[in-house]
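Working notes, structure below.
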There are 4 protein chains.
Amino acid sequence: MDVRGARQAVEQLIDRPWFQGTVIAVILVNAAVLGFETSESWMAEHGDATHAIGWATLVVFVVELALRLFAEGWRFWRSGWNVFDFFVVAIAFVPGGQASGVLRVLRILRVLRLLSTIRSMRSVVAALIATIPGMGSIAALLVILLYVSAVMSTELFGATDPEHFGNLGSSLLSLFQVTTGDDWANVVRPTADAHPWAWGFFVGFVVISTYVVLNLFIAVAVEALDRQTEEDNSEMVDEVEHHMDESTTAILAAIEDLKRQVSALEARLEARD
Amino acid sequence: MDVRGARQAVEQLIDRPWFQGTVIAVILVNAAVLGFETSESWMAEHGDATHAIGWATLVVFVVELALRLFAEGWRFWRSGWNVFDFFVVAIAFVPGGQASGVLRVLRILRVLRLLSTIRSMRSVVAALIATIPGMGSIAALLVILLYVSAVMSTELFGATDPEHFGNLGSSLLSLFQVTTGDDWANVVRPTADAHPWAWGFFVGFVVISTYVVLNLFIAVAVEALDRQTEEDNSEMVDEVEHHMDESTTAILAAIEDLKRQVSALEARLEARD
Amino acid sequence: MDVRGARQAVEQLIDRPWFQGTVIAVILVNAAVLGFETSESWMAEHGDATHAIGWATLVVFVVELALRLFAEGWRFWRSGWNVFDFFVVAIAFVPGGQASGVLRVLRILRVLRLLSTIRSMRSVVAALIATIPGMGSIAALLVILLYVSAVMSTELFGATDPEHFGNLGSSLLSLFQVTTGDDWANVVRPTADAHPWAWGFFVGFVVISTYVVLNLFIAVAVEALDRQTEEDNSEMVDEVEHHMDESTTAILAAIEDLKRQVSALEARLEARD
Amino acid sequence: MDVRGARQAVEQLIDRPWFQGTVIAVILVNAAVLGFETSESWMAEHGDATHAIGWATLVVFVVELALRLFAEGWRFWRSGWNVFDFFVVAIAFVPGGQASGVLRVLRILRVLRLLSTIRSMRSVVAALIATIPGMGSIAALLVILLYVSAVMSTELFGATDPEHFGNLGSSLLSLFQVTTGDDWANVVRPTADAHPWAWGFFVGFVVISTYVVLNLFIAVAVEALDRQTEEDNSEMVDEVEHHMDESTTAILAAIEDLKRQVSALEARLEARD
């Protein structure tokens, strides 16, 4: 068997349901292993077995990636999902990677391979990402609103309540918290007790930011609904047009019939001439 | 009267509005009894009467179930609602059931018989359950996001804030709490004061999880709206098609009229020949 | 002028824009008076003037009601809004009404006369009330869910956390608070620290009740959207049908033309006979 | 070159993409400068450079405004956006403006020039403002509800919990906080522990105000959706009408054909006469 034949055989193997199923199962096992590794008491007792299973799942990932690289060649790198798969597996082989804390933590990103491997998850993620541009302008408006309000409250309230508004970073976080509606009254109360007019500032901020966030949510919802509506509408248009075509056909047939009648009349006259 | 006749008679009895009404009333009485039983002061004074009424409602439930089992025979077990009704009543007769705390608590599930007995509640519950599959993929995405973030925060912040991120379970609960938007800033503050970069992690988590939950909600809303829209659309298509049929009929009648005229002309010519 | 003539004159007076405007202005003045009356420092200084203005507004209300009663006669009592207007004004004349605390408080309900007097507010309130039946079944489901969960948590957690789950009333309130998503983790934490499995109960409750509330909201939204969609759809159907009628008219005219042509042919043949 | 020619040249200059881009970049630099000015440690080290850059951006703003004033003449003042641009720049030249705290703070409003300068932001802001009238009546209803409830709770609970309900202002803020769903149970608990019936008042307020806010949100969403739907519908109507026109054209052509046939018949008869 030559290389091209081998490639095709590997490609068919990769597309088999049982192969996909095995990879998904191994990702789930790997997720469980990484979960157990966070428990010191478990690792003290079953540490060796857990590490062994972890390495075994890694071997499966490497073999699967090698097969896909062999089958797809350079095309492999064209898909963002594939690049993602490659890097989350490659993390394990960065020198010192098992020691360094951050790289250790990044290993859990391998669980996100569920998103790249299961087809329906892939399309859900793609759909979520596709709606992001539609909210770009409103999200920018929210960021501008947060920044302007944060600079203002740092200058105005920084001395009064240094914990929440002491510097630009704290102010941004405090106002982001207010925007999510979480415990905003307690963030705002120390300042507003000192400067009663500050209530006006904060109630205004709550109303405006809630309104902007609401419109952000509505923009996402309208886009989702619109996709649905467009499908429904084109179905409806098809149905009405199909019915219209039937009516038109019936009318044209009747006219055709009439034409034949007139032609017969003409023929009769012609015959008489 | 033979068995078949008796079955039919019982079936008719069960479907009578007053029978249904009585069962619903008894479920409500039973609900009130179970409510009063939680009050020690009430039970100290009226305990015997309350227990007596409780046993009386149970007798009604058993009789009703026996009638339905007799009338429907083996078909009874085909409906999930019936199986549910059987088990919530059967709980009372598990040996030691009145003593054991958990079984005592499960008796309150009998109130849920309102959902299986009132027809409009049944269809609401069925509709709610029917929308669950449509959100499957996004719910799975949320679970994956929670799991990955929980493993990460256990490894990164477990030592800093053991109360919220000490083990995988605590982390999952803390992040679930953050996802519901409840008091998230207080969960996050101890950790973020120790590691300033942690704000980035948590703000990112809040934004992404809010976005996923929003899309979960939108998926449910779009499905509900779509059902409504489909009805509206088919009504609209029917109306347009009906109008179109009337137009077509008028046109075809005019052509038919013309045909008759041409036929008359033909007849005249034929007569002259 | 006889009584009927007087009634018509009064009816016309009541419908004048300046009369309506005056009543609305007096309601606003009355609202301000009731607001100032809550401030002890204001009442110490301007108490007499404020009371005087309050009594003057009351006189206006009585005169307006008397005019409306005279003009509309028995028909007055047919409208719920009118009955509401009558009672919020009548409160002031209940013996001891100015002394008793509760009746004093109820005077503020006069501000709600804005809802009955301003036409656009009336229709908004009517629209809000009209959507209530559509959510009846789901609201009932939420109430059943709250009741069942409250009985369960009273029995299971009453001893552990008497403040939140000590009796059925506290449990209902605590779970209502959890349902609104307000500070639920703090309500739940003392119990869940004692019984770790309680997290399962509460997370389940949060998920299910959020889902039911979401569906309650969606039911309201779908109803509002549906009203809008129906208008849009009937406009669209009208437009399409109008276009269709024009097409049909054009076709029928062409056929009519053809008929005249055939008739002319017939006449020519007849003339030749 | 005369004045008119100069005006046209300046107008073209202002509309160039690179000119717009430069202005946007300068606004962003100015935003960063105002951000850095809130940090004392940064200003201690780089204060002079930061101030210099701040003045430079101001010079750019003044030049840009002067060019636009020259190019547009009196028309400049007709657009609200232009007036806004003028005032946020003019703030810097109010005598004592650099010293006074409030005017210092207002300088950050210059960042909002991003909204007036970037075309897509301008249309987003215009769209947000356009939806405000549609929610006027429901917002008024919410304000009335808040005011009535605030007067009531001041009179009823002012003595019990002076912190939250001591005067009309506090009550309005506390109830606004309850309306946003933030920490409402803690606001309400001290009062409700003293007067158990107060739970009824507050739960009623939560349910009604949530319902009104929900309807406020739905009004905004329905308006946004309606704009989308109207576009979709008119597209759909166009498509159906185009198809209908094609059918009508085909039918009329067939009838025309028939007419020619009859005319030929007529001509033949005429020729024979």
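Order of the sequence lines fixes the chain letters, A, B, ..., with proteins taken first and strands second; residue numbering starts at 1 for each chain. All figures in this text were calculated on a predicted structure; none of them were measured in a lab.
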message: When you measure from the side chain of Y147(B) to the backbone of V111(A), do you find a donor-acceptor pair of N or O atoms at a distance under 3.5 Å?
response: no

message: Please classify the contact of T131(A) with chain B as side chain, backbone, both or neither, using a heavy-atom distance under 4.5 Å.
response: both

- request: Check for a donor-acceptor pair, side chain of D182(A) on one end and backbone N or O of D182(B) on the other, with a separation under 3.5 Å.
  value: no

- line: Under 4.5 Å to a heavy atom of chain B? For V125(A) that would be side chain

- prompt: Hey, are E155(B) and T38(A) close enough side-chain-wise for a donor-acceptor pair under 3.5 Å?
  reply: no

message: If you define the side chain from C-beta out and look only at heavy atoms, does anything of L173(A) sit under 4.5 Å from V203(B)?
response: yes

message: If we define contacts as heavy-atom pairs under 4.5 Å, which of G136(B), G166(B), G158(B), S263(B) has the most with chain A?
response: S263(B)

- prompt: Which of the residues L156(B), V240(B), V212(B), I138(B) is involved in the greatest number of heavy-atom pairs with chain A at under 4.5 angstrom?
  reply: L156(B)

task: Please indicate whether F84(B) has more than 12 foreign heavy atoms, meaning atoms of other residues, nucleotides or ligands, lying under 6.0 Å from its CZ.
output: yes

field: Taking every non-hydrogen atom, the tightest pair across S247(A) and T248(B)
entry: OG-OG1, 3.1 Å

task: Check whether L114(A) gets within reach of chain B through its side chain, its backbone, both or neither, counting any heavy atom under 4.5 Å.
output: side chain

field: Contact origin within L216(A) toward chain B - heavy atom pairs under 4.5 Å
entry: neither

task: Could you tell me whether the side chain of F217(B) reaches within less than 4.5 Å of the side chain of V220(A), counting heavy atoms only?
output: no

Option that, when pairs with chain B are counted at under 4.5 Å, heavy atom only, ranks first among A31(A), S120(A), A250(A): A31(A)

task: Would you check, one step at a time, whether the test side chain to side chain contact (heavy atoms under 4.5 Å, CB included) holds for L112(A) with V148(B)?
output: CA-CA 8 Å; L112(A) 297 181; V148(B) 168; 4.0 Å; yes

message: For the interface with chain B, which of V262(A), D257(A), L34(A) has the highest count of heavy-atom pairs at distances below 4.5 Å?
response: D257(A)

task: Please look at W184(B) and chain A and tell me whether the side chain, the backbone, both or neither of the residue comes under 4.5 angstrom of a heavy atom of that chain.
output: both

- prompt: Which pair of heavy atoms, one from E239(A) and one from E241(B), lies closest together, and at what distance?
  reply: O-OE2, 3.7 Å

field: T229(B) and T229(A), any side-chain heavy atoms less than 4.5 Å apart
entry: no

task: Compare every heavy atom of M135(A) with every heavy atom of Y211(B), then report the nearest pair and how far apart it is.
output: CE1-SD, 3.7 Å

- prompt: What option among E246(A), E37(A), M236(A) has the most heavy-atom pairs under 4.5 Å with chain B?
  reply: M236(A)

field: Distance in Å, I251(A) CD1 paired with I255(B) CD1, rounded so as to fall on 0.5 Å steps
entry: 6.0 Å

query: Can you say whether R260(B) sits under 4.5 Å from chain A via the side chain, the backbone, both, or neither, judging by heavy atoms?
result: neither

Chain A interface, residue from T154(B), L265(B), L214(B), L168(B) that has the most non-hydrogen pairs under 4.5 Å: L214(B)

statement: chain B shares the most heavy-atom pairs under 4.5 Å, among L106(A), I108(A), L115(A), with I108(A)

query: Heavy-atom distance under 4.5 Å between the side chains of E40(A) and N167(B), does that happen here?
result: no

message: If you count heavy-atom pairs within less than 4.5 Å of chain A, which of L225(B), T249(B), L145(B), V237(B) leads?
response: V237(B)

- prompt: Are any non-hydrogen side-chain atoms of M121(A) and I144(B) less than 4.5 angstrom apart?
  reply: yes

task: Taking all non-hydrogen atoms of both residues into account, name the closest pair between A224(A) and V222(B) and its distance.
output: CB-CG2, 4.3 Å

- request: List the atom of M244(A), the atom of M244(B), and the distance in Å for their closest heavy-atom pair.
  value: CA-SD, 3.4 Å

- prompt: Is the shortest heavy-atom distance from the side chain of L258(B) to the side chain of L258(A) under 4.5 Å?
  reply: yes

query: Which atoms of N233(B) come close to chain A, meaning under 4.5 Å heavy atom to heavy atom: side chain ones, backbone ones, both, or neither?
result: both

Minimum heavy-atom distance between L252(B) and A254(A), given as atom pair plus value: CD2-CB, 3.7 Å

message: As an exercise: rank N186(B), D183(B), V206(B), N215(B) by heavy-atom pairs under 4.5 Å with chain A and give me the winner.
response: D183(B)

message: Let me confirm one number: the CD-CD1 distance from Q228(A) to I218(B), rounded to the nearest 0.5 Å.
response: 13.0 Å

